[in-house]
Protein chains: 4
Amino acid sequence: MNKTERRQALLRAARDVFATRGYHEAKVDDIVAVAKVAKGTFYLYFPDKRSVFSELVDLLFQRLGAAILQVDPAADVDAQVKHNIRAIVAVLLDDPALTRILLSHATGMDPAFVTKIRSFYDGVKTMLSLSLAEGQRLGIVAPGDTKLLATFTVGALKELLAENAVGETPLAREAIVDTLFCFLQAGYLRTGGSSPAPALPVTAPSVTPARPRRRR
Amino acid sequence: MNKTERRQALLRAARDVFATRGYHEAKVDDIVAVAKVAKGTFYLYFPDKRSVFSELVDLLFQRLGAAILQVDPAADVDAQVKHNIRAIVAVLLDDPALTRILLSHATGMDPAFVTKIRSFYDGVKTMLSLSLAEGQRLGIVAPGDTKLLATFTVGALKELLAENAVGETPLAREAIVDTLFCFLQAGYLRTGGSSPAPALPVTAPSVTPARPRRRR
Amino acid sequence: MNKTERRQALLRAARDVFATRGYHEAKVDDIVAVAKVAKGTFYLYFPDKRSVFSELVDLLFQRLGAAILQVDPAADVDAQVKHNIRAIVAVLLDDPALTRILLSHATGMDPAFVTKIRSFYDGVKTMLSLSLAEGQRLGIVAPGDTKLLATFTVGALKELLAENAVGETPLAREAIVDTLFCFLQAGYLRTGGSSPAPALPVTAPSVTPARPRRRR
Amino acid sequence: MNKTERRQALLRAARDVFATRGYHEAKVDDIVAVAKVAKGTFYLYFPDKRSVFSELVDLLFQRLGAAILQVDPAADVDAQVKHNIRAIVAVLLDDPALTRILLSHATGMDPAFVTKIRSFYDGVKTMLSLSLAEGQRLGIVAPGDTKLLATFTVGALKELLAENAVGETPLAREAIVDTLFCFLQAGYLRTGGSSPAPALPVTAPSVTPARPRRRR
DNA sequence: AATGAATGAGCCTTCATTCAT
DNA sequence: CATGAATGAAGGCTCATTCAT
């Protein structure tokens, strides 16, 4: 087993132990036991326990970052949004252990760590928020505080995935995507050409037929 | 300072330290330092570190349990839902430290503990899910998997409150309530009597001008 | 309840707790709980935990010292020895708790303490040894190392009393005295002047007259 | 130093500290200081403080168990009894520290522990008692309550060894064996068929051929 | 590189003792 | 005198990290 493989083995072992026990309850002894290496070996590949955890979280962040595409309002928005949801769900459900770490166990750590994780989510929310704002400009997103809407979205997604990561009743992947999409759509997306459902008081509704429509 | 006051002081101190550092990073030394008592005093009031934490979580559960009212579909549903949202928000924002504990730091603990907290959320979701099912029967809730809708709702609420508990930019309380309410309403509530806004794939979207509008 | 009574109550409570749990496992909390006084009160009557224990041991020593009489070889030795045995047994069995303390729990303490207790036993053995030497001079004690004989005697007595102090099956007091006396008598006492000191009732003398028998 | 050696070193260190200070006063810090290892090392070899103690006691029990032979009444009883005494004395005096632990410091511990030690002694006494009963059947042991005689014997032996374990004046080993043997023989052994069981050289056996007298 | 024995700082908890009321 | 809340030193044990082999 070469260096890279051993490193991977340790990362996988760490991931599983962290996911099962949480950061503090996961002992280095447990990790090396799972990886079937000696304790000292662990420290040949990682400077300390913290950094393995950190690396795992970073890895998931990368995957998520790579999966999420900026929505181009000029193209088929529905499809892009669905694609994004699907991609995120895929990344997270493909590695439930890592997901569990991110969603549940990444807390109660150094403030530095919590900050890091929060930063990621903040990034996601900001990105989403900007997209939503753009969508509002184009009339395909209901008016409203986009920051809040982003928060709602992320929260709903996290909760859903957390539930599935815990894993008692794993939902069908596409079902999750569809349901969440519909929820969002009926919530603040105005993409389907279907009903308007403004999320917040629309001042001056107007009856003028000139009114711009989405997805007509 | 009598026994009850001292107990309260210790609980408050523990709450703050747990909220800031998380369970494992919170040392009994920190707690007693904040409470300005000797270490032994802590153990006069609580059998161990775990139990203070447990008590804090229970306390919040109780408050939340007391705040949430079962929605009576016969009466003004909007008002009741808003009231519930407002009550929950009030409980949690009144004690951001405790909220932080519940939302962030209660994980990575004994499985027993995680189970306990999950049980609480499961309870909330089940209750909500039942209400939603009843609402569906009455036609004031969009069709769909009520369990999932409940998950979305709880997730959105948690995320929102977590963000506020972290506390950099506390939103106006009523703004939170309104925004969330609107989100839910446009999402799956059909209380306004107006248009349906189906939560799940709407067959035949239509472009008919007769299309019903909400909030016109 | 006056000062003396309270002091006695505390001593009794301490005695019982020490006897049951041993010195280290006996907490001041236990003692005051049994005595039904507050913790601080304990320290009004005794400077510290150690000294109560010490006082209890001293008390028993005093009683034993008072009970044991120097044997006068001129008078009826048998009776005096029996009396001594009886007296010692009486003192110790009258207060099994205190006995348990002396025999079992007085160890594993400060070297100072162990020394004290050993001193007592040394005193007893020395006294006994001197008596035995005098007895040897008078021909009523078998020759031999009197120090050793004293040790045997004390050991046999201690073991017997320890067994009874533990108290599962308390022997009849007089039975103890008789048995021990016979043991000693057949062992090294030559007091009866009579036959080879039958340890117990002699039944069935034997058939072969040729072979010298004991206990014929 | 390999694992076994280190383990032995720790056991020895623990034995000495326990023997000197007793269980409660012996701190793990003391033990590792004597063994010249770090505190953590102790816990690599033993799960806790209790278990070292337990192991030490067990060790001595084993040695004693191995040393004591069931007496075969068909063969030379005297020799066998002497051998047993010699073996026990050898085991205990070879390791005075361990002996001290067994005889003095094994008390005042968990009831579980006290029970264990008492069980051992009970076992010894029972074994001895059975042998004595068998001896009575064969006419080589004086009649009497064998349980009591066993208690006396064990007590005498314990006291003797305790005295020697404390170690101010170590007696010659064979002297101990002889003296104890004579004590027992004159006490309840009827083995030699020889003279009327004088505890020690009988001067002037008597004139009357019919009735053997001692010390008349 | 790999091993795993050794390290020791640090934590939770206990409990004898003190002291304000 | 009596109380019992408060104190804080001390001890058993854990575990991340180091290092000799």
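Just so it is clear: chains get the letters A, B, ... in the order the sequence lines come, proteins before strands, and each one is counted from 1.
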Using the six-membered ring wherever Trp is involved, compare the ring planes of B/F61 and B/F120 and label them parallel, tilted or perpendicular (cut-offs 30° and 60°).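 Ring orientation of B/F61 relative to B/F120: parallel.
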Starting from [atom2] on [N], measure out to [atom1] on [X] and report it in whole angstrom.
{"X": "B/D30", "N": "E/dG10", "atom1": "CG", "atom2": "P", "value": "13 Å"}
{"X": "D/K3", "N": "F/dT21", "atom1": "NZ", "atom2": "P", "value": "17 Å"}
{"X": "C/K36", "N": "F/dG4", "atom1": "NZ", "atom2": "P", "value": "13 Å"}
{"X": "C/I31", "N": "E/dC15", "atom1": "CD1", "atom2": "P", "value": "13 Å"}
{"X": "D/R7", "N": "E/dA5", "atom1": "CZ", "atom2": "C1'", "value": "15 Å"}

[X] side chain to [Y] backbone, donor-acceptor under 3.5 Å:
{"X": "C/K49", "Y": "C/Y23", "value": "yes"}
{"X": "D/T99", "Y": "D/D95", "value": "yes"}
{"X": "C/E25", "Y": "C/G22", "value": "no"}
{"X": "D/K27", "Y": "D/H24", "value": "yes"}

Sugar-phosphate atoms are those with a prime plus P, OP1 and OP2; base atoms are the rest. Using that split, label each nucleotide of nucleotides 11-18 of chain F B, S or - for protein heavy atoms under 4.0 Å, 5' to 3'. SBBBBBBB
D/R6 side chain N/O closer than 4.0 Å to the phosphate oxygens (OP1, OP2) of E/dA5?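 Negative; the distance criterion is not met.
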Hey, does C/Y45 reach any base, or is it just sugar-phosphate, or nothing, if we go heavy atoms under 4.0 Å?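 Sugar-phosphate, no base atom in range.
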5′-ward residue of the pair A/V37/D/M1 relative to DNA chain E: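 The answer here is A/V37.
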For C/S119, check side-chain hydrogen bond (donor to acceptor under 3.5 Å, both in side chains) against everything at least two apart and list the hits.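 Listed in chain order: nothing, the list is empty.
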Give the dot-bracket string for DNA chain F, reading 5' to 3', where a pair is Watson-Crick or G-U wobble with both distances under 3.5 Å, ( ) marks pairs inside the strand, [ ] marks pairs crossing earlier ones, | marks a partner on another strand, and . marks unpaired. .||||||||||||||||||||
Specify the closest pair of heavy atoms between C/L10 and C/T41, including all atoms of both residues, with the distance to one decimal.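 Between these two residues, the closest heavy atoms are CD1-O, 4.4 Å.
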C/A13 versus C/V34, closest heavy-atom pair with distance: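 What the structure gives for the nearest pair is CB-CG1, 3.6 Å.
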side-chain contact (heavy atoms from CB on, under 4.5 Å) partner of B/L98, chosen from B/V57, B/D16, B/L11, B/L56: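 Per the side-chain contact (heavy atoms from CB on, under 4.5 Å) rule, the option paired with B/L98 is B/L56, out of B/V57, B/D16, B/L11, B/L56.
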